[in-house]
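Input: a single structure, listed below in C-alpha cells.
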Amino acid sequence: MKKEEKRTGNGRGWDNRSQAKPAAEYEFRYGSGLLKKESAGWPRTLVVTTPSAYRTARPYLSRQPAGVACVRWLDWDHLHETSRQLPDDAGLVIGLGGGRAVDAAKFVALEKGLPLITVPTIASTGAIIHGVCAKWKGREPVQDTDWPWVDCEYVLVDYDLVLEAPYYLNTAGLGDILCGYAGLAEWRWRARNGQGPACDEAAMATVIRHHEAFTRRFEETLDGERNLTADSVHHIMTCLQERDGRALRHPGMRSGDHHFLIALEFVNNRSWIHGELVALGALLIAWLCDAQPEDLIGRLERCRVRRRPTEMELGREQLRRGLAFVPDYMAQRDIDSILRHEPVQGARFEALWEFLEGF
C-alpha cells in the first residue's frame, strides 16, 4: 500500500499530527478479566509487544495471535522491518506492553492500514493516551519532520494484568506527570536571571495544586500495606489522561527534563524507565535552580516513584557521562535549560550525587 493511500482514512496520518484525537476524548475500558473477555471477539490480530510483557499477558488472551512482534527499540528501520515480517491477513493491531510497545504498535497499525487497540500492561508513560508516534533514528528523535499518528479504537486496562507488574513500573506514570515541576523551577530561574518573562504565579499555583491533589488521592487508593490496588491503577491512568488534557501548560514552563532523558540514553546507549528518569531530570533541575527540590521529593515518595539513581540501576559514571554530554546536546538543538547553561561537573556533580542518593 502506498504511503499516500494510507493517509486518506480517518483517525491516522503520516503528518498533520495536530489532527490526532485529544487525550480527553480517548475511550478507556477498565475491569478485571477484561482482556480474556474482549479478546474472544477480536478478529485475527497482530500483537506488538516486548518479551516480558507478552510472557505475562499471554495467559490473559483468549486465542493465539496471527503474528507477534517483540520490539527492541523505536528506531524506524527496526520498526519497518518488524512490520514487514508480520502477516498481511490480520484485521487488528494490539499494542501490548508499556510505552515502547504501544508506540511501536502505532507504527505497525499505520504501515498495515489496520485499526489499533492498546493494552497497557504497565502505566509508566503517557504514550497510552496520545496517538503520536515519534520518528526515531537510533536513540534520538528526528526533529525536522512531522511525526505520524493514529487514533486507537480504545484503551483496554485489565486490572489483574497491570497489577502483576512490579509497583514501580506503574507509579512511574505519576513520575511522568510530577516532572512538570521542572518547568516551574526553570521558569523561576530564568526570571530571576533576567532571561525570560516574569512568573505567572497563578498559573504556577494551579500546577502545584493539581500535583498535590492527585498525590493525595493516590495515597487514598493504596491498601493498608501501601500496595497498589485496582483503584490505584485507574487513578494513574486517569491522571495521565488528564495531564495531556488539562490546560496546565504555559510557554514559560519549558524545561529540559525530557531532553535530559534522551541525552542520557543516547550517550550510554541503553534505556531506563521513562517516568522515573524524567522525574529524576526534574529533581536535579530543581536542585540546580534552588527551587525547593525537597517538595518534589516529598510527592515522589508519597506516590511511590523511585527517585534515587541507584534504585533505577543508573550508576554514578552513567549519570556523570550523561550530564557531561547534556550541554552540547542541548546547544546543538537550541534547548533552553539550566542543564545547558550551568554544566554539572567536578565538585558540583559530587554534591549533586550526594544529594540524590542521600536526601
Side-chain angles (χ1 to χ4, degrees), residues 49-56 70-75 78 97-104 120-127 136 138-141 162-179 181-182 226-228 236 256-288 293 296-297 299-326 329 339 344-345 348-359:
T49 185
T50 58
S52 60
Y54 188 62
R55 186 166 54 248
T56 302
C70 289
V71 292
R72 302 190 306 275
W73 59 344
L74 293 175
D75 172 78
H78 173 57
R100 186 199 318 166
V102 169
D103 275 350
T121 58
I122 57 176
S124 67
T125 174
W136 290 82
R139 295 194 180 278
E140 186 174 13
V162 175
L163 286 170
E164 282 207 35
Y167 79 90
Y168 56 85
L169 293 179
N170 289 314
T171 57
L174 296 178
D176 198 16
I177 307 171
L178 288 170
C179 72
Y181 192 84
R226 287 185 55 79
N227 295 315
L228 272 65
I236 295 169
D257 51 290
H258 275 63
H259 300 289
F260 159 78
L261 164 66
I262 295 170
L264 184 76
E265 293 189 338
F266 180 85
V267 77
N268 285 289
N269 194 31
R270 63 155 291 179
S271 299
W272 282 272
I273 298 169
H274 177 93
E276 290 185 340
L277 260 291
V278 294
L280 176 64
L283 184 55
L284 64 89
I285 285 171
W287 182 83
L288 284 169
L296 177 56
I297 286 175
R299 291 192 184 93
L300 291 171
E301 291 189 341
R302 290 164 61 195
C303 287
R304 300 201 64 194
V305 179
R306 300 190 304 182
R307 50 127 181 137
R308 292 183 175 87
T310 51
E311 291 178 316
M312 311 171 196
E313 299 183 1
L314 172 60
R316 179 193 294 257
E317 292 309 310
Q318 290 171 318
L319 181 58
R320 188 197 304 273
R321 186 181 304 118
L323 287 172
F325 176 65
V326 159
Y329 178 88
L339 292 171
V344 184
Q345 299 176 3
R348 197 177 203 188
F349 173 81
E350 298 303 328
L352 173 65
W353 182 264
E354 182 177 353
F355 167 76
L356 293 174
E357 284 292 309
F359 188 92

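The analysis underlying the following values was restricted to heavy atoms, covering all of them including side chains, and did not include hydrogens, waters or symmetry mates.
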Taking the side chain as C-beta and beyond, is there a heavy-atom pair between [X] and [Y] under 4.5 Å?
| X | Y | value |
| --- | --- | --- |
| V162 | I236 | no |
| L264 | W272 | yes |
| L314 | L280 | yes |
| T50 | C70 | no |
| N227 | L163 | no |
| R307 | L296 | no |
| W353 | V344 | no |
| P293 | F355 | yes |

Which pair of non-hydrogen atoms, one from [X] and one from [Y], has the smallest distance, and what is that distance?
| X | Y | answer |
| --- | --- | --- |
| A53 | T121 | CB-OG1, 3.8 Å |
| E357 | P309 | OE2-CD, 2.9 Å |
| V102 | G97 | CG2-O, 4.2 Å |
| D257 | G281 | CB-C, 4.2 Å |
| G175 | A279 | O-CB, 3.7 Å |

Find the distance between [atom1] ([X]) and [atom2] ([Y]) and round it off to the nearest 0.5 Å.
| X | Y | atom1 | atom2 | value |
| --- | --- | --- | --- | --- |
| I273 | E313 | CD1 | CD | 8.0 Å |
| S271 | R72 | OG | CZ | 12.0 Å |
| I122 | S52 | CD1 | OG | 7.5 Å |
| E354 | F349 | CD | CZ | 12.0 Å |
| R302 | L174 | CZ | CG | 11.5 Å |

For this session: With side-chain contact (heavy atoms from CB on, under 4.5 Å) as the test, would you mind laying out the steps for L277 and M312 before giving the verdict?
Result: CA-CA 8 Å; L277 260 291; M312 311 171 196; 3.7 Å; yes

Exercise. With distance as the sole test, does R304 use its side chain to make a donor-acceptor pair with the main-chain N or O of R226 at under 3.5 Å?
Worked result: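 Judged by distance alone, yes, a pair lies under 3.5 Å.
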
Would you give me the side-chain donor-acceptor pairs under 3.5 Å for residues 316-323, sequence neighbours excluded?
residue	atom	partner	partner atom	Å
R316	NH1	E350	OE1	2.6
E317	OE1	R320	NE	3.2
E317	OE2	R320	NE	3.3
E317	OE2	R320	NH2	3.3
Q318	OE1	G315	N	2.8
R320	NH1	E350	OE2	3.3
R320	NH2	E350	OE2	2.9
R321	NH1	N268	OD1	2.4

For this session: Take L339 and L284 through the test side-chain contact (heavy atoms from CB on, under 4.5 Å) and record every step on the way to the result.
Result: CA-CA 9 Å; L339 292 171; L284 64 89; 3.2 Å; yes

For this session: Would you mind listing every side-chain hydrogen bond (donor to acceptor under 3.5 Å, both in side chains) that reaches into residues 162-174, with sequence neighbours excluded?
Result: Y60-E164

Exercise. So which pairs with a foot in residues 274-288 pass side-chain hydrogen bond (donor to acceptor under 3.5 Å, both in side chains), sequence neighbours left out?
Worked result: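 side-chain hydrogen bond (donor to acceptor under 3.5 Å, both in side chains) check on residues 274-288 returns D176-H274, H258-H274, E276-R306.
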
Exercise. How are the rings of Y329 and F266 set relative to one another: parallel (under 30°), tilted (30 to 60°) or perpendicular (over 60°)?
Worked result: tilted

